[in-house]
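Worksheet: the structure to be examined is printed underneath.
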Number of protein chains: 2
Amino acid sequence: MSRATIFDVATRAGVSIKTVSRVVNNEPNVRETTKERVRKAIRELNYRPDRSARNLASHRSHLITLIYDDPSAYEIPSAGYVIRMQQGALRACRDNDCELLIHPCRYQDKALGAELKTLIEKVRPDGIVLAAPLSNMPNIVRAIGATGTPFVRVSSGRKKNGKHYSVSMNDRECSAEMTRYLASLGHKRIAFLTGHPKHDAVKNRFLGYQDGLQESGVSFSGDLVEAGDNSIRSGEACAEKLLSRKRRPTAIFAANDDMAAGVIRVADRLGIKVPDELSVAGCDDIALAQQVYPALTTIRQPLAAMAERAALALIEHSRGGSDLGGEDVFAASMQIRESTGPAPA
Amino acid sequence: MSRATIFDVATRAGVSIKTVSRVVNNEPNVRETTKERVRKAIRELNYRPDRSARNLASHRSHLITLIYDDPSAYEIPSAGYVIRMQQGALRACRDNDCELLIHPCRYQDKALGAELKTLIEKVRPDGIVLAAPLSNMPNIVRAIGATGTPFVRVSSGRKKNGKHYSVSMNDRECSAEMTRYLASLGHKRIAFLTGHPKHDAVKNRFLGYQDGLQESGVSFSGDLVEAGDNSIRSGEACAEKLLSRKRRPTAIFAANDDMAAGVIRVADRLGIKVPDELSVAGCDDIALAQQVYPALTTIRQPLAAMAERAALALIEHSRGGSDLGGEDVFAASMQIRESTGPAPA
DNA sequence: ATAATAATTGACAGCGCTGGCAGAGTTGTA
DNA sequence: TACAACTCTGCCAGCGCTGTCAATTATTAT
């Protein structure tokens, strides 16, 4: 026996297929008793609307696409970043009768704009969630915008761009908070490791660091800033420079967790006790943060919640709801663990 | 101007829509000159077939669903496992005009069978890739089988089950190889850390360890086996027991990388040099394996390739191709890094 | 050359659902 | 009581494509 169609349900409930459609889609103006009769028939026949037919007739795909830079392409550990985004976006989709399509890609790819354009034309999703760092790349944003498909940018760094709705994080404020926290522990020489210059979020963190110093009455010194590139290795390199000085810093705040892990590793090699002689803080709260010893004090991004909000906005928009505009800012939260402590006397 | 339909293409090429359909779907029996004319029209109109219409008419969804246990549910680091599976499955889909739907879930969930059944009835994918450990759970396999949707089990441990096609790994052989490798370095006291008893793959590794010992002429001793549960903590606990003995092992082979990382951490604390005084080997080659110091010798699973094969088989099957049956076994590969070396004199 | 066969093309009926609109039934109001 | 203003329901025309099958044309065998 083949699967039940809307016609079977209508027949069994003694109504027209249109009425069944109304019940299935929660449209108004159906008498409660009728509704109940239809629901009963649906249950009895185990009826499930056919997605293709529904999509064809309604001109909606019920598909949201999550586009992100593929971490496995570089064997970097931030797979967790992706998983958490997926989790949030999926939550929104599952709650709203949509499906999520994922599209990992490589931000360095010269032809990425064209690739995404083709993808979008093929799939025709109702909306697109564009994750950082792609969300901060003007050519990508432009390519997607050109397709006319609604999209939401999710980025850790805020960026003034009134044209598109975006979901972002208070990166700068949070870095300032972390800096103030370190200062409140008595640290005076707080170093900062900047990250990859192409990565916007990381710039905001540096600004936040400067804010925090100022707010704490600690003067900024360029000597205490080393430039990394987000990798563990670069964190090690920076740490070696900083920790081999006569007056070394008592705290190091890295723009991401990988570099912070590198700092911890170097401190260990040099016999510098963390946190007794050196406090180390990171940013991102990747899985590694809890795997290093001592566990890393860091900043946790509400990635899942951000992606969920983004997907939700798109779904509502596709239902003919609200316009997509403005910006939603999520608050990151400090995760104080074992790698930070009072400044040494 | 709205998007071009098959009708527009047909008109422009001066053929019937059916012929356009033939060209688009690579059906045989279309004259080359006609084909070229149609292709030209397609290019000029930037025509893309409508997925919904096509799916509706062809009774295929062009959707493959990847079902897996959600790592982010436990904050465990093996997000990389999922990412690699996704990558492989996506490759197959992208190459074959299909899309991938992901469905993370929790294997402990009592109602998981029902959840999956609902999902499948709603989405009606052309096929399902079922990842370990779900692929080894009889009730899940049964629930999915009951829907009638073709599925492929992907598991690291082999399992005799003639009924369904499955893609698996030579876990046991590979563990034996690793054990022989350690023995060949002169190690006589090679300890093994078993993993979570519910995790099938891990059992095979223990068997492989025993095989390897035997093949190397090293006698097995229950004293050298400690029971962990796959976590870093349990690896630490096991290592503490093993390394505090009067005659401690000179090599420790852990059933997964997390536990191996725990061993390295303990060795470090106890001042035991790795690999000079102790060789450590793991299994899985998660990102952490390269982040610990020294980098971990381990076994790399061809996860992406396995998932790709699985998805490919499903796609071919959905095209009316081959039956799904039997088993494909993939070979894992040893990754020899810095954590293993000659046995101390 | 002619019949038989194969290759190529087209006509058309759906696939299962939603949107628009009209008709029927109800309630409210003067 | 009559009429307007709702609320509820059904009819039907697609949505854009594929499957089936018949028609037409090219090729090969006799």
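Letters A, B, ... are given to chains in the order of the sequence lines, protein chains preceding strands, and every chain is numbered from 1. All values below come from the heavy atoms of this structure, side chains included, with hydrogens, waters and symmetry mates left out. Since we're looking at a predicted model, the values are computed, not measured.
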*Just grab all the ring pair (Phe, Tyr, Trp, His ring centres under 6.0 Å) pairs involving residues 122-141 of chain A, residues at least two apart or on different chains.*
none
Write down the distance between [atom1] ([X]) and [atom2] ([N]), rounded to a whole number of angstrom.
{"X": "Arg60(A)", "N": "dG16(D)", "atom1": "CZ", "atom2": "P", "result": "17 Å"}
{"X": "Phe7(B)", "N": "dT18(D)", "atom1": "CZ", "atom2": "C1'", "result": "17 Å"}
{"X": "Lys122(A)", "N": "dG16(D)", "atom1": "NZ", "atom2": "P", "result": "20 Å"}
{"X": "Asp97(A)", "N": "dC17(C)", "atom1": "CG", "atom2": "P", "result": "13 Å"}
{"X": "Arg124(A)", "N": "dG16(D)", "atom1": "CZ", "atom2": "C1'", "result": "9 Å"}
{"X": "Leu45(B)", "N": "dG16(D)", "atom1": "CG", "atom2": "C1'", "result": "15 Å"}
{"X": "His62(A)", "N": "dC15(D)", "atom1": "NE2", "atom2": "C1'", "result": "13 Å"}

*Do Glu32(A) and Arg39(A) sit within salt-bridge range, that is, some charged N less than 4.0 Å from a carboxylate O?*
yes
_Quick test of your reading of the model: are Glu316(B) and Arg319(B) salt-bridged, counting only N-O distances below 4.0 Å?_
no
Could you list the residues that satisfy side chain to side chain donor-acceptor pair (under 3.5 Å) with [X], not counting sequence neighbours?
{"X": "Glu99(B)", "answer": "none"}
{"X": "Arg48(B)", "answer": "Glu121(A), Asn46(B)"}
{"X": "Arg31(A)", "answer": "none"}
{"X": "Lys40(A)", "answer": "Glu44(A)"}

*Looking across every strand, which nucleic acid part, if any, lies under 4.0 Å from Asp50(B) by heavy atom: base, sugar-phosphate, or nothing?*
sugar-phosphate
*asked:* Judged by each residue's nearest nucleotide on DNA chain C, which is more toward the 5′ side, Pro28(B) or Leu56(A)?
replied: Pro28(B)
*What string of B, S and - do you get for nucleotides 18-26 of chain C, 5' to 3', if B is base contact, S is sugar-phosphate-only contact and - is no contact with any protein heavy atom under 4.0 Å?*
BBBB-----
Under-4.0 Å side-chain N/O to phosphate OP1/OP2 contact, [X] with [N]:
{"X": "Ser16(A)", "N": "dG10(D)", "value": "yes"}
{"X": "Ser52(B)", "N": "dG16(D)", "value": "no"}
{"X": "Asn29(B)", "N": "dA7(C)", "value": "no"}

*Can you sort out the partners of Asp50(A) under side chain to side chain contact (heavy atoms under 4.5 Å, CB included), two or more places apart, ordered by chain and number?*
Ser52(A), Ala53(A), Leu56(B), Arg124(B)
*Determine which pairs satisfy salt bridge (charged side-chain N to carboxylate O under 4.0 Å, His left out) with at least one residue from residues 55-65 of chain A, sequence neighbours left out, and list them in order.*
Arg60(A)-Asp126(A)
_Rounded (10°) bend between the five-pair end axes of the helix from dA1(C)-dT30(D) to dA30(C)-dT1(D)_ = 30°
